[in-house]
Amino acid sequence: MNYNYIAKLLASWTPESKQHMWQLSGQFEGDIILPPGTRNGIIGWQYHWNNGEIPYVLSSDFTEDEKTFIINTLQTEYARTCIKMRPKQWWELHYVYVTGKDTGCWSSVGKRWGKQELNLQKDGCLWYGTIVHEFLHAAGFFHQQSAPERDDYVTILWQNILPGKESNFNKYSSNVVTSFGKKYDYDSIMHYDKYAFSSNGEPTILPNVSILFFVKVKKQIRKRIETILHLASRSA
């Protein structure tokens with residue numbers, strides 16, 4: 001994987017770019033880290049965080065101002081939910097270790113036991129929405145278009161997808177992912193934009209109904225996160 005290329009690509013990203021920055025990080029589905037030898041993870045009890053609390057540690061990669069921004073972002077988004085992002089206590093064994101390496105924006109999905117990394121490249125990933133997105137992965141959420149019912153709501157334009165990236169558009173059965181009884185959300189912060197992994201600048205994913213699909217990143221951040229996380233924590 002060419003991390004130098006990824007680092008430069010993310011450093012040049014702006015909210016006007018056609019693709020979300022986390023789609024450009026070169027991992028599974030763009031920004032998901034998988035355990036060795038696996039393709040995806042079943043979301044069972046072992047992937048749930050105890051009492052809906054996710055301890056984290058911010059590495060020394062970040063400046064004090066950057067740490068403050070990350071902490072304030074997490075507090076703002078999760079303060080009104082039953083999921084609690086908080087600093088790790090010295091005795092806790094399972095936690096998210098947040099790094100700022102030049103390798104993109106990425107995270108595992110759910111609790112992986114022990115120290116699990118979540119990366120926010122300092123020059124490129126320290127955007128409000130990206131921080132929320134990656135921590136939602138750590139909380140146990142896959143991308144919205146992975147939902148088993150997605151074909152009822154969107155059409156995947158396979159002919160426009162970069163060769164070798166087709167698996168990024170896999171959908172999973174209800175044994176792997178859950179929407180907690182909520183309807184498919186086109187505007188979810190966890191949804192691909194319509195140009196995700198495009199080989200020719202044309203859309204790769206479009207809604208099946210006539211609605212506004214592609215919205216600015218800053219307009220996608222808050223929608224329904226509180227409700228979804230509340231339901232997720234109750235299921236833990």
Closest non-hydrogen atom pair between A138 and L118, with its separation: CB-CD1, 4.2 Å

Please name the pair of heavy atoms, one in L120 and one in E134, separated by the smallest distance, quoted to 0.1 Å. CD2-CG, 4.0 Å

For the CG atom of N119 and the SG atom of C125, what is their distance to the nearest 0.5 Å? 7.0 Å

Shortest non-hydrogen pair, E117 vs T99, comes out as OE1-OG1, 3.3 Å

Considering only heavy atoms from C-beta outward, does the side chain of K111 approach that of H48 to under 4.5 Å? no

Evaluate the side-chain proximity of L136 to I189: yes if any heavy-atom separation is below 4.5 Å, no if none is. yes

For the backbone of A196 and the side chain of T204, can you confirm whether one donor and one acceptor N or O come within less than 3.5 Å of each other? yes

Between atom CD of Q144 and atom CE of M190, what is the distance when rounded to the nearest 0.5 Å? 9.0 Å

Closest contact, heavy atoms only, W49 versus G110: NE1-C, 3.9 Å

Among L126, V132, T130, side chain to side chain contact (heavy atoms under 4.5 Å, CB included) partner for Y128: V132

Stepwise side chain to side chain contact (heavy atoms under 4.5 Å, CB included) check, D61 with K101: CA-CA 7 Å; D61 294 340; K101 297 179 289 188; 4.2 Å; yes

Atom of Y195, atom of D193 and distance for their closest heavy-atom approach: N-OD1, 2.8 Å

Are V154 and W158 joined in one hydrophobic group, where the rule is that I, L, V, M, F, W and Y side chains link up if heavy atoms are under 4.5 Å apart? yes

Starting at NE2 of H133, measure out to CD of E77 and round the result to the nearest 0.5 Å. 13.5 Å

In terms of heavy-atom contacts, P163 and S199 come closest through CD-CB, 4.4 Å

Please list, chain by chain and in numerical order, all residues satisfying ring pair (Phe, Tyr, Trp, His ring centres under 6.0 Å) with F169, sequence neighbours excluded. Y192

Take T103 and Q121 through the test side chain to side chain contact (heavy atoms under 4.5 Å, CB included) and record every step on the way to the result. CA-CA 6 Å; T103 57; Q121 180 175 310; 5.7 Å; no

Is it true that Y56 and F69 fall in one hydrophobic cluster, defined by side-chain heavy atoms closer than 4.5 Å? yes

Are the side chain of S107 and the backbone of F135 linked by a donor-acceptor contact shorter than 3.5 Å? no

Lys/Arg cation over aromatic Y97: K115, 6.0 Å, 45° cone: yes

How would you list, by chain and number, every residue that makes a side chain to side chain contact (heavy atoms under 4.5 Å, CB included) with E92, sequence neighbours excluded? P55, R86, K88, Q89

Gap separating the CD atom of E202 from the CD atom of Q159, nearest 0.5 angstrom: 9.5 Å

Report the distance from atom CG of N208 to atom CG of L206, rounding to the nearest 0.5 Å. 9.0 Å

Can a side-chain donor-acceptor contact be found between Q145 and Y153 if the only test is distance below 3.5 angstrom? no

Sub-4.5 Å side-chain heavy-atom contact between V57 and V96: no

Side chain to side chain contact (heavy atoms under 4.5 Å, CB included), that's the test. Do H143 and H137 meet it? Break it down for me. CA-CA 8 Å; H143 294 125; H137 279 317; 3.1 Å; yes

Worked check of side chain to side chain contact (heavy atoms under 4.5 Å, CB included) between H191 and I205: CA-CA 10 Å; H191 205 300; I205 181 169; 3.5 Å; yes

Which pairs pass salt bridge (Lys or Arg N to Asp or Glu O under 4.0 Å) with one or both residues in residues 150-166, sequence neighbours excluded? D151-K171

Cluster question for you: counting only ILVMFWY and a side-chain heavy-atom cut-off of under 4.5 Å, with indirect links fine, are Y95 and I131 together? no

What is the distance from atom CD of Q75 to atom OG1 of T68, rounded to the nearest 0.5 Å? 9.5 Å

